[in-house]
Amino acid sequence: MTCHDDYDTPLDQTDGSVYVVGIDGSAASAAALRWAASRPDAGEVRAVYVFHASNLLPAAHAAYIPPAPPALGWQRQVAQETAESFVTQALSEQSRPSVVPLAIEGEPRHVLVELSRDADVLVLGASHRTAFGTRVLGSTSTICAAHARCPVMVVPEAWSPRHPAAALQRA
Amino acid sequence: VVGVDGSSNSAVAFAWAVEEACRHGGQIRLVAAWHHSRLGNGSLDPLPGLRQQHAESVAQRILEQVPHAAVDVRVEIVEGLASAVLVELATDADLLVVGTLGVEAGRRVVLGSVSARCAMRASCPVVVVPPSWRGPGLHELTCLSATQIPGAKS
C-alpha cells in the first residue's frame, strides 16, 4: 500500500465532497445511499458494489480456485448492471445525477478501505440480522470503521430524511 | 451528538463535528458519560463525585483543544454507560460522532466497543472518525478563525 501523501487524490477534480457508499443489495445499504445523496455538499456519490468473480462459480469448487482470478467481462457487466438497478430502485430521479454506480471486483473490506483514501466520507449500512434475529454490526462495516482513512458513516436501515429539503429530494 | 473521553481520538471526532456544524449548520452536544463502578462486595462506588469531576475535566480539555468559536456547543455530563447514554441521546440527533478507539481499548482491539455498540444500536447515522483525520477542508472554512486545528493530530 502506498502512503497517503504519495497517493494521487482526484478530490480536486470535483466540487463538493466525495462520498463512497458500499452497496450490497440490503435495505441498510439503500438507506446509506439515500443518506449520501441527500447531503447538500455531495459533489460525487460513488455507489460501489463489490463483487467476487469466484462467487459466481459453484461453491463446491470455490476452494480449488486460485485466489483472485481475473474478473470475466460478462461478470463485470452483470455486476455493473446490478449496481445500476440498485441505485435506480433506492433513489428518486432528482437525487440521482450526482450518483455514480460502480462495480469493482474484490473483497469488500479491502476494496472499500482502499477507496476510502480518495473519499471524504465512506458510507455503509448498519445492521445485519443474525439467524437469531439480533442485530449485529456487519464485519465489513466493523473492519472499514477501524481501518478506513476517512470518517466512516454507519447509517441504520430505518433512517429517513427528516429535514424538509432532504425529504423533498427523496419524494 | 459527540461522545468524548480523554483520548486524542475523541478530540479528532469533536473537530470533525465542528467542521460538519460549520458547513451545514447545527448544534453540537458534547457528551461525556461516567458511571458508578461497583466494588467487589457489591457496595456502591465511594467516589461518584470524583468520576463526575473527571468527566467534566475531560469535556473541558477537549473544548480547549479544538477551536469551536463559530459553533453552538452544549456540554453534557451524563451518568450511565457510555454506549447506552450516547444511543439514548442520539434518538433526537441528526448524527452521532465517535472516535475509533477510546482510552480503555487494548492495543489489539480494532474498533472500540463503545463505537461498535453505537453504530449497531443508534437510530441515527453514526460517524466513526479515524485518528488520522486532519480535516482537509477545514482551513478553507471562513467561519473558523483559528490558524490550525490542534485537536486534529493523530
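Every chain is numbered from 1 and lettered A, B, ... according to where its sequence line falls, protein lines coming before strand lines. Since the model is a prediction, treat every value here as computed from it, not as a measurement.
Closest heavy-atom contact between B/Pro125 and A/Met153: CB-SD, 3.8 Å. Here the closest heavy-atom approach between residue B/Ala119 and residue A/Ala126 is recorded as O-CB, 3.7 Å. Between A/Pro151 and B/Val127, the shortest heavy-atom contact is CB-CG2, 3.7 Å.
Atom CZ in B/Arg23 sits 8.5 Å away from atom CZ in A/Arg39 (nearest 0.5 Å).
Hydrophobic cluster membership differs between A/Val152 and B/Val87, with clusters built from Ile, Leu, Val, Met, Phe, Trp and Tyr side chains linked at under 4.5 angstrom. Residue A/Phe86 is grouped with residue A/Trp159 when hydrophobic side chains (ILVMFWY) are merged at heavy-atom distances under 4.5 angstrom, including chains of intermediate members. Residues B/Leu81 and B/Val78 do not share a hydrophobic cluster, defined by chaining ILVMFWY side chains whose heavy atoms lie under 4.5 Å apart. Hydrophobic clustering (side-chain heavy atoms under 4.5 Å, transitive across Ile, Leu, Val, Met, Phe, Trp, Tyr) groups B/Val73 together with B/Val2.
Partners of B/Glu88 according to the salt bridge (charged side-chain N to carboxylate O under 4.0 Å, His left out) rule, which considers only residues two or more places apart in sequence or in another chain, do not exist here. For A/Leu102, the side chain to side chain contact (heavy atoms under 4.5 Å, CB included) criterion is met by A/Arg46, A/Val48, A/Val100, not counting sequence neighbours.
Using a 4.5 Å heavy-atom cutoff, the side chains of B/Ser123 and A/Pro156 are not in contact. Taking the side chain as every heavy atom from C-beta outward, A/Arg149 and B/Pro130 never approach each other to under 4.5 Å. Under the 4.5 Å side-chain criterion, counting only non-hydrogen atoms from C-beta, A/Ser141 is not in contact with B/Met120.
Interface remark: of the candidates A/Cys150, A/Ala32, A/Cys144, A/Ala158, A/Cys150 forms the most heavy-atom pairs closer than 4.5 Å to chain B.
The contact between B/Leu95 and chain A is made entirely by side chain atoms (from C-beta outward), counting heavy-atom distances below 4.5 Å.
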